[in-house]
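Below is one structure, written out as structure tokens, with a few remarks after it.
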Amino acid sequence: MTELMWDGKYKDGKKVGPVRIALPFQAVETVNETAQQRQLTLDSLFSGRPTEWRNRLIWGDKKYVLPSLLPEFAGKVNLIYIDPPFATGDNFSFNAEVPEDPDIEESESINFTKQPSMVEQKAYRDIWGRGHELDSYLQWFYETVVLLRELLADSGSLYVHLDWHIGPYVKVVLDEVFGSQNFRNEIGWRYSGWNKRLKNAFEKRRDSIFFYGKGPNQEFNSYSETWKNIEEYVRIRKQKVLVDNEKRQYVLSDAGNGRRIKRYIEDAISEGRVVDDTWYLDKINNSSKESIGYPTQKPEALLERIIKASSNEGDLVLDCFCGSGTTAAVAEKLGRHWITCDLGRFAIHTTRKRLLSIENVRPFVVQNMGKYERQAWQAAEFADPTQRASVQLRYRNFILDLYHATPVDGYTWIHGVKDGRLVHVGSVDAPIALGEVKAIVNEFWRVRGKDVGEHSNGVDVLGWDFAFDLNETAKQMAADANIRLAFKKIPREVLEKKAVEQGDISFYELAALDVDVRHLKKCIEIELKNFFMPPDDVPQDVTNAISHWSQWIDYWAVDWDYRDDTFHNQWQTYRTKKQPKILLKTFHEYDTPGSCTIVIKVIDILGNDTTKAVTVDM
């Protein structure tokens with residue numbers, strides 16, 4: 001058999017397969033679940049009964065997400081659609097917007113491009129940067145589709161959306177993984193656009209969608225669509241319209257063997273048309289009603305056709321290149337179950353907003369692999385039996401080195417010193433909480449005057465995650481003890497060896513949220529009063545464009561009864577192209593008086609989230 005070869009496909013005579021580290025998923029948010037549904041879920045968890053299905057929006061690298069889905073979903077996915085990067089020009093940058101200043105009448109919004117994070121750049125390098133670009137892409141793609149085939153049901157279908165840059169090579173890889181006998185169609189998506197006169201080629205205005213079944217008993221719904229009108233019928237069929245004696249319009253169709261028959265247009269329109277492998281559907285542009293401003297957004301009509309043809313209501317649809325969330329949105333509207341993931345936090349945020357805009361959207365969860373991914377990384381990187389130092393100590397010294405701090409020995413909570421400030425390094429598997437900060441503050445006074453170098457009364461607390469209300473409460477507690485506390489996030493880039501080797505690691509201070517909470521009997525009112533965004537991770541032109549603190553906020557949501565499980569998004573307001581303004585105030589009426597914890601989550605225009613918890617007594 002003829003085989004496509006590329007650098008990296010084989011090692012020691014064996015094909016290089018995908019990473020197969022299966023990690024647990026960590027739910028970080030439940031969206032649009034009622035109080036009754038929430039209680040039923042908790043009851044099921046405590047009793048060991050299966051919980052009701054929740055659609056899943058996953059933030060993470062697909063090379064970890066896909067193998068982590070296998071234990072639960074191998075052989076159970078009915079339809080997979082993927083729209084992977086086409087060419088070297090693709091990256092993880094995104095277009096965002098600084099909204100209008102609410103206090104200035106003539107204020108205008110400003111668009112800007114946010115460059116990808118180092119994690120996203122690293123993923124981009126993995127696709128295109130391992131030596132020769134084509135070799136890198138083909139190995140990356142091969143590893144991906146091997147896992148996708150294992151997830152597909154025996155009756156399942158795969159659609160791979162590409163263009164002329166890489167399509168012919170990918171077709172050969174798909175034949176190898178799925179078998180050429182399971183190739184169904186190369187669908188040509190033909191879209192309109194401005195005519196461009198090219199010097200030495202015809203204009204490129206067509207994408208390819210490769211359609212495969214996993215096996216011979218593939219689910220497929222013979223797909224037909226109604227014509228919109230006579231004009232559309234004539235335009236697409238490109239036939240001359242004739243009129244009979246009864247003034248009925250018809251065309252002459254080929255019936256074979258040189259015969260021509262009359263086909264009446266009114267009958268053709270009522271019967272509908274069987275869809276062939278060339279699809280005429282317009283692309284999304286800025287003037288499209290569907291447009292949400294995401295650069296790679298695909299039209300819903302495209303996904304609707306695929307999902308209707310290759311799945312049924314209640315089936316499971318997977319898209320591991322989420323982008324603007326078109327697959328999930330269409331699957332939701334058509335009553336399918338769905339799982340979608342993306343490495344870009346802005347893609348996850350865009351998709352969350354898009355799903356919430358669907359009327360009566362079913363509850364879904366936002367997940368990542370959080371502490372589980374970090375635990376696996378720590379064990380792999382620092383568990384060396386030949387070294388005397390513990391895994392935890394080697395991990396702390398590694399983080400201190402990235403932070404350019406000097407290690408300090410002999411203390412439990414103080415681990416280093418940098419520029420006159422003491423440094424604490426949080427563990428990989430737990431958020432920095434108030435109790436930990438109290439221990440740091442108490443130990444601070446033991447360190448004073450000891451031989452740890454010159455230092456002030458400042459402490460930098462480095463952590464992967466932080467308790468909801470820590471930024472304000474802990475800082476105030478430390479200030480009362482005459483200690484200046486700064487919370488800085490350990491970035492996910494730390495997990496990527498390439499980013500570490502290049503020195504592309506920055507620790508950013510947490511944003512701060514100020515809210516006003518008022519209550520009267522059983523009613524609670526919350527108003528946002530201020531939002532402080534540290535300038536470290538913000539482009540200078542964006543900072544210059546901000547004249548009111550609310551312009552930083554793209555979305556905020558409230559969990560009115562937080563129960564130490566996950567954040568339950570029970571109310572939200574967010575900006576869209578059609579509705580660029582957000583509310584800054586909301587209220588909730590409780591059934592019975594009592595004490596409860598309310599959590600407020602803010603997502604800024606860059607896709608970062610900030611949370612705050614308040615306890616109220618009614």
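No donor-acceptor pair closer than 3.5 Å links the side chain of Glu527 to the backbone N or O of Val517. Without hydrogens or angle criteria, Gln367 side chain to Gln26 main chain gives no donor-acceptor distance under 3.5 Å. Here the side chain of Asp319 pairs no donor or acceptor atom with the backbone of Thr327 at under 3.5 angstrom. In this structure, the side chain of Arg492 does not engage the main chain of Gly370 through any donor-acceptor pair within 3.5 Å. Asn442 places a side-chain N or O within donor-acceptor distance of the main-chain N or O of Lys438, the cut-off being under 3.5 Å. Looking at Ser68, its side chain does come within 3.5 Å of a backbone N or O of Leu23 through a donor-acceptor pair. In this structure, the side chain of Lys418 engages the main chain of Tyr403 through a donor-acceptor pair within 3.5 Å. With Arg345 contributing its side chain and Gly607 its backbone, the two residues share no donor-acceptor pair below 3.5 Å. No side-chain donor-acceptor contact under 3.5 Å links His548 to the backbone of Ile546. For Tyr395 (side chain) and Ala379 (main-chain N/O), no donor-acceptor pair under 3.5 Å exists by modelled atom type.
Counted by atom type alone, Arg354 and Thr576 present zero donor-acceptor pairs between their side chains at under 3.5 Å. Using a 3.5 Å distance cut-off with no hydrogens or angles, the side chains of Gln139 and Trp6 do pair a donor with an acceptor. A side-chain donor-acceptor contact under 3.5 Å links His424 and Glu436. Using a 3.5 Å distance cut-off with no hydrogens or angles, the side chains of Asp480 and Gln476 do pair a donor with an acceptor.
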Please walk me through it: do Arg374 and Asp465 pass salt bridge (charged side-chain N to carboxylate O under 4.0 Å, His left out)? CA-CA 12 Å; Arg374 299 194 295 265; Asp465 293 306; 3.0 Å; yes

What verdict does the salt bridge (charged side-chain N to carboxylate O under 4.0 Å, His left out) test give for Lys15 and Glu143, after you've listed the backbone C-alpha separation in whole Å, the side-chain angles of each residue and the deciding distance to 0.1 Å? CA-CA 10 Å; Lys15 287 182 181 178; Glu143 293 172 7; over 6 Å; no

Evaluation steps, side-chain contact (heavy atoms from CB on, under 4.5 Å), between Ile490 and Phe507: CA-CA 6 Å; Ile490 301 173; Phe507 295 72; 4.0 Å; yes

Begin from the C-alpha positions of Val31 and Val365 and carry the test side-chain contact (heavy atoms from CB on, under 4.5 Å) through to its verdict. CA-CA 6 Å; Val31 183; Val365 293; over 6 Å; no

For Glu509 and Lys489, what are the C-alpha separation, side-chain angles and deciding distance, and is it a salt bridge (charged side-chain N to carboxylate O under 4.0 Å, His left out)? CA-CA 6 Å; Glu509 192 168 349; Lys489 192 169 181 63; over 6 Å; no

Test side-chain contact (heavy atoms from CB on, under 4.5 Å) on Trp552 and Thr543; report intermediate values, then the result. CA-CA 9 Å; Trp552 287 117; Thr543 302; 4.3 Å; yes

Could you go step by step and tell me if Phe382 and Phe398 meet the side-chain contact (heavy atoms from CB on, under 4.5 Å) rule? CA-CA 9 Å; Phe382 305 110; Phe398 173 78; 3.6 Å; yes

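For the pair Arg352 and Tyr555, the cation-pi test (distance below 6.0 Å, angle within 45°) is passed. With Phe321 as the aromatic partner, Lys62 meets the cation-pi criteria of under 6.0 angstrom to the ring centre and within 45 degrees of the ring axis.
Closest approach of Ala486 and Lys475 over heavy atoms only: CA-CE, 4.5 Å. In this structure, Pro491 and Trp464 approach most closely via the heavy-atom pair O-CZ3, 3.6 Å. The two residues Leu147 and Leu66 have their closest heavy-atom pair at CD1-CB, 3.8 Å. Taking all atoms of both residues into account, the shortest heavy-atom contact from Pro534 to Phe532 is CD-O, 3.6 Å. Taking each heavy atom of Ile526 and Val558 in turn, the nearest pair found is CD1-CG1, 4.3 Å.
In this view, Tyr372 satisfies the ring-ring contact (aromatic ring centres under 6.0 Å, His included) rule with no residue, not counting sequence neighbours. Taking the ring-ring contact (aromatic ring centres under 6.0 Å, His included) definition, one finds that Trp338 meets it with Phe364, sequence neighbours left out.
Within the 4.5 Å cutoff, no side-chain heavy atoms of Ile553 are placed close to those of Asp604.
Between Phe346 and His349, the ring-plane angle classifies as perpendicular under the 30° and 60° cut-offs.
The number of heavy atoms from other shown groups lying within 6.0 Å of OH (Tyr574) is above 12.
Only one option out of Leu343, Val366, Ile58, Thr340 pairs with Ile348 in a side-chain contact (heavy atoms from CB on, under 4.5 Å); it is Val366.
With respect to Glu150 and Arg20, a salt bridge is recorded, a charged nitrogen being found less than 4.0 Å from a carboxylate O. Salt bridge Lys529/Asp514: absent, no basic N to carboxylate O contact under 4.0 Å. A salt bridge does not link Asp7 to Lys9: none of the charged nitrogens lies less than 4.0 Å from a carboxylate oxygen. Look at Arg38 and Asp559 and you find a salt bridge, because one of the NZ, NE, NH1 or NH2 atoms lies within 4.0 Å of a carboxylate O, short of that distance. The residues Asp554 and Lys353 are annotated as salt-bridged, a charged nitrogen and a carboxylate oxygen being separated by less than 4.0 angstrom. In this structure, Glu29 pairs ionically with Lys601, as a charged nitrogen and a carboxylate oxygen lie closer than 4.0 Å. Ion pairing of Asp83 with Lys298 is present here, as a side-chain N (NZ or NE/NH1/NH2) and a carboxylate O approach within less than 4.0 Å.
Proximity of the aromatic rings of Tyr562 and Phe567 is defined here by a centroid distance below 6.0 angstrom, and this criterion is not met. Between Trp571 and Trp556, the ring center distance clears the sub-6.0 Å criterion.
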